[in-house]
Amino acid sequence: MFALVDCNNFYASCERVFQPRLEGQPIVVLSNNDGCIIARSNEAKVLGFRMGDPYFQVKHDLLASNVCVFSSNYALYGDMSRRVMWYLAQQAPEVEIYSIDEAFLDLHGMEKYVAPLDTFARTLRTNIKKRTGIPTCIGIAPTKTLAKLANRLAKKMPDLGGVLYLDTDEKCQWALAQVGVGDVWGIGRQYAAKLAAAGLVTAADLAGCSDAWARKQLGGVVGARLVQELRGRVCQGLAPSEDGTLARQSISCSRTFGQPLSAFNDVLAAVGAFTSRAAEKLRRQGDATHLMTVYLSKNRYGLEPPPYSCSTVLTLPVAMSDTTQLLRYARMAVKKLWQANSVYTKAGVIFDGLEPLGQTQLSLFEPAPDTGKRERLMAELDALNRRFGKNTVRMATTLVGRGKARAPWEGKAQWCSPAYTTRLEDLLQVS
DNA sequence: TCTGGGGTCCTAGGACCC
DNA sequence: TCTGGGGTCCTAGGACCC
């Protein structure tokens, strides 16, 4: 059996933990740059605010409905997530952290020790709430896809008390009939439209279609697996990892600028900052990269025709993880992509072709005798930034001007709550 | 004025190799 | 005239997830 533990309205719940007066109030959380709505409390959902709504379009409605608006506060959400995940890891032998607010547990063999599983899940829920303040729902079923589906029903049907255990075929059949085909894990907008056209309405209908048909219509083997999993046949286990954290195959950092930029040095500073950030993530994962993609984007919403973005892929002579080295290539990439008289709104950096640091192959043509020195320097830099806060030490290229509080590419975050759990100055004060 | 960010997997086609 | 078969690697594009 697999369990899916999913935090309810996670970002909104995190804000509520530190401002209990928000309980029962509609809340929305905005994306980077206060661009669009990316999270909502139930109350805000009922009011009709949708995922992805641009803030400037719904600003007045939010105000009129008295909705609490927050900028996203990843320092807070990330830390709360770690607390929830840490607790889960204590309670089950195998945990896969699937996203910031969801985890799969492998419960095979646990029936003997904690039976029945739904009682176990209820205790888990209660304890997570008690320890972190975060409400959750839990679905348990023979496959991950069915556990997802069970979780969805546990959320939707308050009578279930936040837990649904699909332990028999009958229950599975019942659950499949309750869920629309578009709400199945792995069925997005395009596939949902296709399925509707073919007359398939519920998850049960989808579970009943042939493998060949699923394979043909739903993206090959992925579709076939999906249907199998709905029927209860396990096609995917937990993703392997040492500590529940997935090792990424690509690492990226991108941002929409706070304002459109047309000066080369401003864009270069942005790309440099994103490169540094991505390199930190790379080293934290213990990897080095072979392939670096840099892209620059223009406004997609104006009158100008596409293309809206241009990119370049650099094949690095050796796998590297050193910020100073990577910044050199970032500069080359921006130079290559740069078009004078263009106005850019966004940029990004992607690292692919990752391999473990320290076990990188030496290039025949570019020996790197000082690799050890570089690695030590980067380790020091990461340690300083961990200890004293992000960007305490950084590369000069990522700065523009002098003494400016904010770089021109940095976005707005007008309604950011304090980093209660990760910054001493932001500790909650009780008076 | 203002429209997010970070991932995954699969397929198909072309270049190239033996 | 005849015009293989099997494999890899790379890229682009398309779908999906949170």
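Each chain gets a letter, A, B and so on, in the order its sequence line appears, and its residues count up from 1.
- Consecutive Watson-Crick or G-U pairing (both distances under 3.5 Å) extending over three or more pairs maps onto DNA chain B as B:5-18 with C:5-18.
- For the segment residues 70-86 of chain A, no residue has any heavy atom less than 4.0 angstrom from an atom of DNA chain B.
- For the OP1/OP2 pair of B:dT8 and a distance below 4.0 Å, the side-chain nitrogens and oxygens of A:Ser250 include at least one atom meeting the criterion.
- For residues 57-83 of chain A, the ring-ring contact (aromatic ring centres under 6.0 Å, His included) pairs, not counting sequence neighbours, are A:Tyr11-A:Tyr74, A:Tyr11-A:Tyr77, A:Tyr74-A:Tyr77.
- Of the C1' atoms belonging to B:dC16 and C:dG4, the separation is 16 Å, rounded to the nearest Å.
- Under 4.0 angstrom from either OP1 or OP2 of B:dG6 there lies at least one side-chain N or O belonging to A:Ser254.
- Regarding contacts with the backbone of C:dC18, a side-chain N or O of A:Lys148 is found under 4.0 angstrom from either OP1 or OP2.
- At a threshold of 4.0 angstrom between heavy atoms, the contacts of A:Lys346 are confined to the sugar-phosphate backbone, with no base atom among them.
- Residue contacts for A:Asn33: at a heavy-atom cut-off of 4.0 Å it reaches no nucleic acid atom on any strand shown.
- Counting heavy atoms from C-beta on, the side chains of A:Asp352 and A:Thr289 never come closer than 4.5 Å.
- Among pairs with a residue in residues 45-57 of chain A, those fulfilling side chain to side chain donor-acceptor pair (under 3.5 Å) read A:Asn9-A:Lys45, A:Arg50-A:Asp53, at least two apart in sequence or across chains.
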Nucleotide N/O to protein N/O under 3.5 Å, stretch nucleotides 10-16 of chain B:
{"from": "B:dC10", "atom 1": "OP1", "to": "A:Arg225", "atom 2": "NH2", "distance (Å)": "2.7"}

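- Contacts between residues 177-206 of chain A and DNA chain C, counted as heavy-atom distances below 4.0 Å, involve A:Val184, A:Trp185, A:Gly186, A:Ile187, A:Gly188, A:Arg189, A:Gln190, A:Tyr191.
- For A:Asp34, there are no salt bridge (Lys or Arg N to Asp or Glu O under 4.0 Å) partners, not counting sequence neighbours.
- Every residue two or more places apart in sequence or in another chain that forms a salt bridge (Lys or Arg N to Asp or Glu O under 4.0 Å) with A:Arg231 is listed here: A:Asp211.
- In this structure, A:Tyr301 counts as stacked on the base of B:dT3 under the 5.5 Å centre distance and 30° plane angle limits.
- Residue A:Asp101 is classed as a sugar-phosphate contact, given heavy-atom separations below 4.0 Å to backbone atoms only.
- At a threshold of 4.0 angstrom between heavy atoms, the contacts of A:Ile251 are confined to the sugar-phosphate backbone, with no base atom among them.
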Going by atom type alone, with no hydrogens or angles, which donor-acceptor pairs under 3.5 Å involve a side-chain atom of residues 137-149 of chain A and a protein atom two or more places apart or on another chain?
{"from": "A:Thr143", "atom 1": "OG1", "to": "A:Leu146", "atom 2": "N", "distance (Å)": "3.1"}
{"from": "A:Thr143", "atom 1": "OG1", "to": "A:Glu229", "atom 2": "O", "distance (Å)": "2.9"}
{"from": "A:Lys144", "atom 1": "NZ", "to": "A:Glu96", "atom 2": "OE1", "distance (Å)": "2.8"}
{"from": "A:Lys144", "atom 1": "NZ", "to": "A:Gly237", "atom 2": "O", "distance (Å)": "3.0"}
{"from": "A:Thr145", "atom 1": "OG1", "to": "A:Glu229", "atom 2": "OE1", "distance (Å)": "2.5"}
{"from": "A:Lys148", "atom 1": "NZ", "to": "A:Glu102", "atom 2": "OE1", "distance (Å)": "2.4"}

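- Heavy-atom distances under 4.0 Å link DNA chain C to no residue of residues 44-54 of chain A.
- Not a single salt bridge (Lys or Arg N to Asp or Glu O under 4.0 Å) links A:Lys156 to another residue, sequence neighbours left out.
- Contacts of A:Gln259 with the nucleic acid, taken as non-hydrogen atoms under 4.0 Å apart, are absent.
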Below 3.5 Å, can you tabulate the donor-acceptor pairs from side chains in residues 291-307 of chain A to any protein atom, sequence neighbours excluded?
{"from": "A:Tyr295", "atom 1": "OH", "to": "A:Ser254", "atom 2": "OG", "distance (Å)": "3.4"}
{"from": "A:Lys298", "atom 1": "NZ", "to": "A:Gln339", "atom 2": "OE1", "distance (Å)": "3.3"}
{"from": "A:Lys298", "atom 1": "NZ", "to": "A:Ser342", "atom 2": "OG", "distance (Å)": "3.4"}
{"from": "A:Asn299", "atom 1": "OD1", "to": "A:Tyr301", "atom 2": "N", "distance (Å)": "2.9"}

